Every structure is written in structure tokens, then in C-alpha cells.
Visitor: 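Can you read through this structure? Questions will come right after.
Model, not experiment: these values are computed from the prediction.
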Amino acid sequence: MASSSSARYAKHRRIGEDEEAEEAEEEAEEELERFDDFTIASSWERFISEIEAICRQWLADGPKILMQKGADCVTPFENLYMIKRELKHGKRVYSMEYYFMKSAKGKNSYWDDDTHSMQLSFGVDEFLMIAPLSASGVVLDDPESTKLLSSVAIALSSCGSNWPAFVPVHDPSRKAYIGIQNLGTVFTRRFEADRIGSQVPIRLMHLEGLHELFLSKFVLSSTDFPARVKVHFSMKLTYRTPEYDYDNETLDSEATESLTENEVASHPKKQWDDDCPWAEWYSAEDPVKGFELTAIWGERTFEETLEMAEVENASSFVADSWFLHPVVSQYMVDDSIGKFVGFASQLHLLVNAYESSAEAQFLEDFVADTSGQDNSKSTTVPPPSVIDRVMKDLFSDEAGNSNYMEAENKYTRAMRGAPADSLFGQFCLHALWFGNCNIRAIAVLWIDFVREIRWYWEESERLPRMKSSSTIDLSYCLIHQKLQMLAICIERKKSVSHEKGAGHKDETSNTKAITKVRKGSAGVVPKMMLLNTFQEMHAPYTQDAPLMTEDMHEERLHAAEAFGNAIGLSGQLERDILSSDMSAFKAANPDAVFEDFIRWHSPGDWVSEDKVDGNSGWPPKGKLSQRMSEHGNVWRKIWNDAPPLPVSEQKSLLDPVREGEKVLHYLETLRPQQLLEQMVCTAFKSSAGILNKTTYGGFKLMKTKMDQLYATMASTLKSLQVIWLET
């Protein structure tokens with residue numbers, strides 16, 4: 001018993017000691033809290049103190065330092081900046097914003113476009129705005145608004161600032177505010193604004209009623225209404241033209257006289273951009289919705305209500321200043337992809353297709369049915385009737401030959417795309433509007449496009465939209481070069497077939513002709529004679545160098561590096577060219593020798609030993625160069641084997657059938673990414689070219705903007721301009 005009672009006593013003693021320790025800690029905390037409460041007694045005072053500290057910091061910094069610290073420019077006002085801080089009071093979080101001017105506004109400048117609505121309504125330059133962080137951003141009850149405004153007023157008074165402060169109240173649609181401004185230690189200015197959105201009293205629709213309402217704010221009762229009070233007044237009236245409705249446009253009476261009633265009903269309505277170069281591809285939304293005329297009356301002083309009525313009825317021609325500006329579509333201001341349908345939106349889709357083109361090795365992989373996939377909506381393909389309509393437009397007989405007339409710009413060639421009016425250029429422009437320009441729709445359109453091209457090849461029909469030329473322009477994309485090659489091959493194939501049908505008898509008669517007859521002479525070479533016979537040397541007609549696309553030049557260069565020989569020939573092609581030239585020279589000069597050909601074809605390989613004074617006898621003294629004199633020289637061997645044949649009797653250096661089939665093989669096996677790379681370059685170039693055809697008079701800024709657009713595209717598309725060699 002004794003042990004248990006002593007244990008209980010020890011336990012109670014420990015509990016007592018713990019309670020005393022806890023009470024001591026609580027007393028220490030209470031003393032600390034009582035110490036803090038001596039300076040800031042409540043959360044409201046702490047809230048005021050925090051506002052004051054922020055305002056003091058903003059006052060000390062000034063506009064320049066605040067802009068350096070990250071103050072934001074208030075759009076669309078170039079001269080107005082804002083900096084904000086968040087404050088917490090109880091369970092509510094508030095945002096306090098300080099609006100200030102970068103530079104002081106001039107006198108009577110409150111009606112210009114760089115004026116905030118608060119500045120316009122209350123005649124202030126800089127001001128504070130405090131509002132809760134909520135969905136509406138306004139204070140919905142009077143006690144809270146009064147408490148907020150009082151807090152800011154006390155804080156501004158403590159730091160000696162006369163900034164006006166505002167609090168948004170009531171429903172957000174009313175745009176209502178209350179405000180306060182300290183004017184020294186005696187006077188205080190209060191602000192109050194409200195907006196009547198609907199059911200405006202007729203009296204307040206006129207200046208007389210507004211004048212009376214303004215004066216009523218300065219009297220306590222109707223009996224105190226002053227008879228004559230000077231009121232400073234300025235006014236801005238805005239007149240806006242109604243938006244033009246193209247859908248309800250009616251045709252002129254003169255234009256409808258010769259049309260029947262049904263024809264008038266089905267006649268297409270005229271759009272604003274019918275005469276613009278892009279109208280062939282799409283009709284854009286009119287960016288100008290109308291015009292606004294703003295008439296401004298500067299500050300005046302009035303004493304009677306009747307004077308206000310006279311001003312209201314006065315003509316706008318007596319206003320102090322006018323401002324006329326267009327009302328621009330919001331889509332043009334936002335510049336958002338997907339809102340404004342045009343070349344920009346479609347090119348964005350084409351770039352998306354390019355990014356997804358690396359998923360497959362063949363275009364046929366994208367044509368497979370994707371109806372079971374989640375992204376089937378983004379891979380829709382128009383019906384066959386639409387494809388037929390596109391093919392008909394691309395290969396129309398009315399298209400004819402293209403002259404590749406492009407708007408001149410120094411960056412046009414740098415983009416390496418096909419001309420806009422060429423066959424591939426038109427294909428790219430059609431692809432922008434084919435379906436939603438997804439990779440599957442492009443693959444389907446390309447396969448039909450190549451199938452149509454093969455038909456033209458097999459039927460030896462001229463390719464439409466291709467320039468009639470015997471050269472290939474390497475400044476365009478590789479697909480356009482291939483189509484140029486194919487167009488030339490079709491013409492050569494047709495001419496060869498005609499010659500085979502009509503020239504067989506002439507060929508047999510030529511074999512029986514005398515071999516010493518001169519053939520294929522293009523004229524006498526001045527001051528050059530044949531070494532053995534002292535006859536005039538004739539220059540022969542020679543075949544043009546074989547046409548090559550850029551990838552063929554690359555192949556030839558690689559072959560020369562890998563299989564070059566002692567005399568610098570890169571392959572069989574160079575041998576064939578040299579043999580053709582030698583045969584033509586022999587036909588034009590039947591008594592010529594190898595040295596004569598070298599003197600004409602490669603003068604650098606003839607070492608002359610004649611005197612400098614020109615008094616040399618005949619034959620001229622000289623010899624072949626060392627490389628031409630070597631034993632087993634390839635050039636001499638080709639000379640010995642070359643028959644004397646003029647160009648008209650030689651086999652063409654260009655095999656049109658072989659080269660044409662190679663072009664079709666390239667088009668049919670083109671990798672998706674290779675196709676999309678060239679499509680992107682061509683589509684951007686063609687779209688810019690079409691826009692550049694727009695007439696904008698002497699507006700120099702447009703010329704500058706177009707040059708900047710071309711320069712940006714040229715530098716951006718440079719990474720896509722890669723030569724893809726066939727493997």
C-alpha cells in the first residue's frame with residue numbers, strides 16, 4: 001500500500017510539473033503576442049500596413065525603375081503601364097494594381113486612342129485599382145467595398161500620396177466603380193461611376209439631361225439647385241458605317257436586263273475579294289468591317305442647359321478635329337490559326353502533314369483504310385468526284401504551256417520551289433485545299449497525279465503546264481526538274497517515232513553517198529585551215545550536252561571522284577559526247593586529221609611554235625600537248641573509231657525512253673518525306689507569289705513587309721532543300 005501510494009504521489013507530481021511547464025510556455029507566447037499587438041492590433045491594421053509598404057516602394061521607385069522591374073504595358077495603350085501585387089486579408093485574396101504613364105500626357109489629350117477608360121471617365125493620369133481575385137473581379141457588397149477603399153485611403157494618406165484609388169463594384173457588366181483621392185489634409189475627392197446598359201431614360205440620351213444630372217450631384221436638395229454654374233465640357237461623337245452584307249447584295253439593273261429570272265437567282269454573289277489574286281483558291285473574310293469617324297469638340301465652358309442643346313444640334317463639320325479609321329476584323333487582330341481561313345491556315349496543316357510523313361517509307365502506307373483508328377477524322381479523304389475535278393483542272397487542255405511568270409523578289413529563287421503556275425506548283429496549291437490537307441489525302445492525290453502523268457507518257461501527249469524548253473532549270477525543286485525532263489523526253493520520243501516512219505529511205509541512200517562530201521557544216525572557222533590540205537576549217541553542228549537533273553549531276557560528280565581516269569573523263573557519257581563531236585567534225589571536214597580536231601575542240605592541247613610577229617609559214621608549226629601525245633591516248637582511239645556522221649544521222653545522246661522511265665520510277669517510288677519537303681517549299685513560295693501580285697498602290701510599308709516575308713521564308717525553308725539521290 002505504501003509503495004503504491006508513493007508511486008501515485010510521484011506520478012501526480014510529474015503531471016503537475018508538466019502542467020506548470022506548459023503554462024509557462026503559454027504565458028511566454030502570450031507575452032510575445034501582446035508585444036506584437038502593441039504595434040498592429042488587428043488583421044485589418046496589418047492589411048493597411050502591407051498596402052502602405054507596397055505603395056511606399058512604388059513611390060520610391062518611380063515609373064522608370066518600375067518598368068525595369070517588369071511592369072507590363074497595358075494593351076492597346078502604348079503609354080500606359082501596370083504593376084501589381086497580391087494581398088491577403090482573412091480568407092480573401094486581393095490584387096492591387098498601379099497604373100502609371102511612361103510619359104506625361106499633354107493638355108486636352110484625353111480623347112485620343114491611347115487613353116484608358118478610367119483616365120477618360122475620371123480625368124486622372126495614374127491610379128490604383130484594388131479588387132478581389134475572383135471570377136467576376138468585383139466587390140458585390142457595400143461593406144467590403146467601403147472597407148477596401150478606406151484601407152487604401154489610410155495607407156495612401158500615411159505615405160503622403162495623392163494617388164486616386166478605385167474599387168470595382170456591382171455586376172461586372174455595369175462597369176461600376178467607386179473611388180477616393182486625398183487632396184491634402186482637408187479635402188477628399190470621391191468618385192462614383194455606373195453604366196446603364198439598357199432602358200436608358202430619354203432624358204439621359206441628350207446633353208441637357210446629362211448636364212442636369214451632373215449639377216444635381218453638387219446639391220443637397222432640389223431647392224439648392226444653382227441657377228448658373230460654369231461647367232467645363234468636352235465631347236466626342238463616333239459615327240460608324242454599317243457592316244456590308246455581301247449575302248444580300250443585289251445585282252445592278254443593267255446587269256440583270258439580259259438575264260432570265262432563273263439566271264439572276266443562280267448568279268453568284270460578288271465578294272469583296274473577287275478581283276484579288278487569291279480569289280481562285282478561297283474567299284477570305286473581309287478584314288475591314290467598316291469605318292469609324294470620330295468628331296471631337298475640345299474643352300468648352302457652359303453656364304446654361306440651353307447651351308448644351310445648341311452643341312448637341314450643331315453639325316459635325318464644326319468639330320475641332322476628326323479621326324477616320326477602319327474597323328478591322330477581330331480575326332485579323334488576333335492572328336489565330338484556325339480562325340481565319342487562308343493560305344496561312346492551310347500551310348499550317350501542310351507542315352503538320354510533313355511532320356507526320358516520316359512514319360512510312362511509301363505513300364501507299366498512308367492510303368490504307370484508317371476508319372478504325374481514333375484519328376480517322378484527321379485523315380479524311382474527299383470522294384472520287386472531288387479527285388476527278390482536281391485532276392481535270394490540273395491536266396486541262398486549256399492550261400497550255402506555262403510561262404512561269406512570277407512576282408520578282410530577290411529571295412524567290414532561294415526557296416527552291418516550283419513556279420506557282422507549273423504542274424507541280426498547281427498540284428501543291430490544290431493539295432492545300434484537298435480535304436483538310438492531311439497526309440492521307442495528299443498521298444491519295446499524289447498517286448492519282450502520278451498515274452495521270454504516266455498516261456501522258458505512254459500516249460506521248462504533251463504535259464500541260466510545263467514550259468516548252470530544251471533545258472532544265474536547276475534552281476527549282478527536284479520534282480519540277482524531273483517533270484521538265486519528262487516533258488522533253490515526250491517531245492524527243494515523238495520526234496524519233498516520226499523520223500523512223502519517214503526517214504528509212506534517206507538513211508539507206510546516205511550509205512551509198514560519197515564519203516568525201518561535206519555534211520553538217522555550221523560555217524567556216526575564221527583564220528583556221530586544215531593542216532594537210534590547206535582547206536578552210538568548218539565548224540560542225542554538234543549535239544547539245546545531255547540534259548541532267550540535279551541528282552544526275554550529283555551522281556556524275558560522285559562517279560568522277562570514284563572512277564576518274566588519267567584524262568579526267570568521268571564515264572561513258574563523256575566518251576559518247578566526245579565521239580559525237582568527233583564524228584560531226586569529220587563529216588564537216590572530210591580531210592581533217594586528229595590534230596585539226598584538237599586545234600578546234602581543245603586549243604589548250606595544241607602547243608604552237610609560230611613566231612610572235614605572226615609571219616609564220618604553212619603548215620603552222622606546233623605539236624600536241626604531252627597528254628595528247630602519250631601512247632594509247634584515249635582521245636586518239638575514239639577519233640580512230642568515230643565514223644564521219646553529221647548530227648542529223650547520229651544517235652541522240654539522250655535516250656528519251658530510258659530517261660522518261662527513270663523519271664516515272666522516281667515519281668512512283670518517292671518517299672513521303674521527300675515529297676512533303678518539296679511540297680512545303682513550293683506551297684510557301686507559290687502562296688507568297690500569289691499574295692505578292694496584290695496591287696497596293698504606293699504603300700511602301702507593304703513592299704517592306706513582303707520583302708521581310710520572303711527573307712524569313714527563304715531562311716526557314718533552307719533546311720528542307722536537300723538533294724535526294726536515288727539509291
Visitor: Does a salt bridge link Arg46 with Glu50, judged by any charged N lying under 4.0 Å from a carboxylate O?
Guide: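 Salt bridge: no.
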Visitor: Any side-chain heavy atom of Tyr696 within less than 4.5 Å of one from Met706?
Guide: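 Answer yes - side chains close enough.
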Visitor: Checking the side chain of Glu212 only, and the main-chain atoms of Thr305 only, is there a donor and an acceptor separated by less than 3.5 Å?
Guide: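 Checked: no pair found.
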Visitor: Are Trp58 and Leu128 close enough that some pair of their side-chain heavy atoms sits under 4.5 Å apart?
Guide: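 Sidechains of Leu128 and Trp58: in contact.
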Visitor: Side chains of Leu183 and Thr188: closer than 4.5 Å at any heavy-atom pair?
Guide: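 Heavy-atom side-chain distance check fails, nothing below 4.5 Å.
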Visitor: I need the minimum non-hydrogen distance between Asn182 and Asn162, along with the two atoms involved.
Guide: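 For Asn182 and Asn162, the tightest heavy-atom pair comes out as O-CB, 3.3 Å.
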Visitor: Less than 4.5 Å apart, any side-chain heavy atom of Val311 and any of Phe302?
Guide: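 SC-SC contact between Val311 and Phe302 confirmed.
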Visitor: Rounded to the nearest 0.5 Å, how far apart are CG of Leu207 and CG of Leu306?
Guide: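 Answer rounded to 0.5 Å: 12.5 Å.
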Visitor: For atom CZ of Arg300, is the number of surrounding heavy atoms from other residues, nucleotides or ligands below 6.0 Å larger than 12?
Guide: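 Yes - once you tally the heavy atoms of other residues, nucleotides and ligands closer than 6.0 Å, there are more than 12.
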Visitor: For the pair Ser357 (side chain) and Tyr354 (backbone), establish whether a donor and an acceptor sit closer than 3.5 Å, ignoring hydrogens and angles.
Guide: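 Looks like yes, one N/O pair under 3.5 Å.
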Visitor: Let me confirm one number: the CG-NE2 distance from Leu204 to His211, rounded to the nearest 0.5 Å.
Guide: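 That separation rounds to 14.0 Å.
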Visitor: Using the rule given for side-chain hydrogen bond (donor to acceptor under 3.5 Å, both in side chains), can you reason through Glu292 versus Tyr239, listing the C-alpha separation, both sets of side-chain angles and the distance that settles it, and then say yes or no?
Guide: CA-CA 6 Å; Glu292 282 189 355; Tyr239 306 89; over 6 Å; no
Visitor: Which pair of heavy atoms, one from Pro277 and one from Ile690, lies closest together, and at what distance?
Guide: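 In this case the closest contact between Pro277 and Ile690 is CG-O, 3.2 Å.
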Visitor: Do the side chains of Met679 and Phe684 get nearer than 4.5 Å, heavy atoms only?
Guide: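 No, side chains not in contact.
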Visitor: Could you tell me whether Lys289 atom NZ has more than 12 heavy atoms of other residues or ligands within 6.0 Å of it?
Guide: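 Count over threshold, so yes.
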Visitor: Give a yes or no answer on whether the side chain of Ser356 reaches the backbone of Ala353 with a donor-acceptor pair at less than 3.5 Å.
Guide: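 Here the side-chain-to-backbone pair exists.
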Visitor: For Arg56, look at atom CZ and say whether over 12 heavy atoms of other residues, nucleotides or ligands are found less than 6.0 Å away.
Guide: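 It does: Arg56 CZ has more than 12 such atoms within range.
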Visitor: Without hydrogens or angle criteria, can the side chains of Glu192 and Tyr177 be said to hold a donor-acceptor pair below 3.5 Å?
Guide: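 No, no side-chain donor-acceptor contact under 3.5 Å.
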Visitor: Where do Leu349 and Asn436 come nearest, in terms of heavy atoms and distance?
Guide: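 Distance-wise, the nearest heavy atoms are CD1-O, 3.4 Å.
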Visitor: In sequence, state the C-alpha distance, the side-chain angles, and the governing distance for Val288 and Val328, and then conclude on side-chain contact (heavy atoms from CB on, under 4.5 Å).
Guide: CA-CA 5 Å; Val288 179; Val328 182; 5.6 Å; no
Visitor: Could you go step by step and tell me if Glu86 and Tyr94 meet the side-chain contact (heavy atoms from CB on, under 4.5 Å) rule?
Guide: CA-CA 6 Å; Glu86 292 184 3; Tyr94 298 93; over 6 Å; no
Visitor: Side chains of Cys55 and Leu156: closer than 4.5 Å at any heavy-atom pair?
Guide: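 Heavy-atom side-chain distance check passes, below 4.5 Å.
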Visitor: Please check if the side chain of Trp322 supplies one atom and the backbone of Ser316 the other of a donor-acceptor pair under 3.5 Å.
Guide: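 The answer is yes, because a donor-acceptor pair under 3.5 Å joins these two groups.
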Visitor: Measure the shortest side-chain to side-chain distance between Val231 and Thr301 over non-hydrogen atoms and say whether it is less than 4.5 angstrom.
Guide: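 Of all side-chain heavy-atom pairs linking Thr301 with Val231, none is under 4.5 Å.
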Visitor: Quick one, Phe343 with Tyr282, criterion ring-ring contact (aromatic ring centres under 6.0 Å, His included). Give me CA distance, side-chain angles, the key distance, then yes/no.
Guide: CA-CA 9 Å; Phe343 281 131; Tyr282 65 94; 5.2 Å; yes
Visitor: Step by step, work out the salt bridge (Lys or Arg N to Asp or Glu O under 4.0 Å) result for Lys102 and Glu78.
Guide: CA-CA 9 Å; Lys102 181 174 65 174; Glu78 298 179 356; over 6 Å; no
Visitor: Can you name the side-chain hydrogen bond (donor to acceptor under 3.5 Å, both in side chains) partners of Asp61, sequence neighbours left out?
Guide: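 Only Gln57, Lys69 meet the side-chain hydrogen bond (donor to acceptor under 3.5 Å, both in side chains) criterion with Asp61.
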Visitor: I'd like to know whether Trp163 forms a side-chain contact (heavy atoms from CB on, under 4.5 Å) with Gln181, so could you lay out the CA-CA distance, the side-chain angles of the two residues, the decisive distance to 0.1 Å, and finally the verdict.
Guide: CA-CA 6 Å; Trp163 289 342; Gln181 182 180 17; over 6 Å; no
Visitor: Between Leu350 and Leu432, is a side-chain contact (heavy atoms from CB on, under 4.5 Å) present by the stated rule, with each step listed?
Guide: CA-CA 7 Å; Leu350 181 62; Leu432 290 177; 3.9 Å; yes
Visitor: Whether the side chain of Ser715 engages the backbone of Ala711 through a donor-acceptor N/O pair (distance < 3.5 Å, no angle test) should be reported.
Guide: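 Side chain of Ser715 to backbone of Ala711: a pair is present.
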Visitor: Please report the interatomic distance CD(Glu52) to CD(Glu45), rounded to the nearest 0.5 Å.
Guide: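 That separation rounds to 11.5 Å.
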Visitor: Assert yes or no for the condition that the ring centre distance of Tyr98 to Tyr81 is strictly below 6.0 Å.
Guide: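 No, too far apart.
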Visitor: Using every non-hydrogen atom in the two residues, find where Met415 and Cys681 come nearest and quote the distance to one decimal.
Guide: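 Between these two residues, the closest heavy atoms are O-CB, 3.6 Å.
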Visitor: Is the backbone of Lys230 close enough, under 3.5 Å, to the side chain of Glu303 for a donor and an acceptor to pair up by distance?
Guide: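 Side chain of Glu303 to backbone of Lys230: no pair is present.
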Visitor: Just wondering, are more than 12 heavy atoms of other shown residues or ligands nearer than 6.0 Å to CD1 in Ile202?
Guide: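 Not more than 12 within 6.0 Å, no.
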Visitor: The test is ring-ring contact (aromatic ring centres under 6.0 Å, His included); show your working for Trp297 and Phe233 and say whether it passes.
Guide: CA-CA 9 Å; Trp297 282 260; Phe233 167 85; 8.7 Å; no
Visitor: Measure from the side-chain N and O atoms of Asn438 to the backbone N and O of Thr380, and report whether any donor-acceptor pair falls under 3.5 Å.
Guide: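 Yes.
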Visitor: Okay, side chain of Lys685, backbone of Gly417: is any donor-acceptor separation there less than 3.5 Å?
Guide: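 Answer holds: yes.
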Visitor: Checking the side chain of Asp320 only, and the main-chain atoms of Gly298 only, is there a donor and an acceptor separated by less than 3.5 Å?
Guide: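 The answer is yes, because a donor-acceptor pair under 3.5 Å joins these two groups.
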Visitor: What is the distance from atom CZ of Phe100 to atom NZ of Lys64, rounded to the nearest 0.5 Å?
Guide: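 Between Phe100 CZ and Lys64 NZ, I get 12.5 Å after rounding to 0.5 Å.
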Visitor: Below 4.5 Å, heavy atoms only, C-beta onward: do Ser43 and His89 meet side chain to side chain?
Guide: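 Touching, per the 4.5 Å side-chain cut-off.
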Visitor: Where the side chain of Asp274 meets the backbone of Gln271, is there a donor-acceptor pair that is under 3.5 Å apart?
Guide: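 Flag set: sc Asp274 to bb Gln271 pair under 3.5 Å.
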Visitor: If you measure from CD on Gln708 to NZ on Lys703, what distance do you get to the nearest 0.5 Å?
Guide: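 Atom-to-atom, Gln708:CD and Lys703:NZ are 11.0 Å apart.
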Visitor: Going by distance alone, is a donor N or O of one side chain under 3.5 Å from an acceptor N or O of the other, for Trp44 and Ser151?
Guide: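 Side chains of Trp44 and Ser151: pair found under 3.5 Å.
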Visitor: Roughly how far, to the nearest 0.5 Å, is the CG atom of Asp273 from the OG atom of Ser283?
Guide: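 CG of Asp273 is found 4.0 Å from OG of Ser283.
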Visitor: Taking atom CZ of Phe214 as the centre, does the number of heavy atoms from other residues, nucleotides or ligands within less than 6.0 Å exceed 12?
Guide: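 It does not: Phe214 CZ has 12 such atoms or fewer within range.
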Visitor: I'd like to check the side chain to side chain contact (heavy atoms under 4.5 Å, CB included) partners of Met82; sequence neighbours left out, ordered by chain and number.
Guide: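 Met82: side chain to side chain contact (heavy atoms under 4.5 Å, CB included) contacts with Val74, Lys84, Glu97, Tyr99.
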Visitor: Would you sort out whether His325 and Phe291 count as a ring-ring contact (aromatic ring centres under 6.0 Å, His included), showing the intermediate values?
Guide: CA-CA 6 Å; His325 59 89; Phe291 290 89; 8.9 Å; no
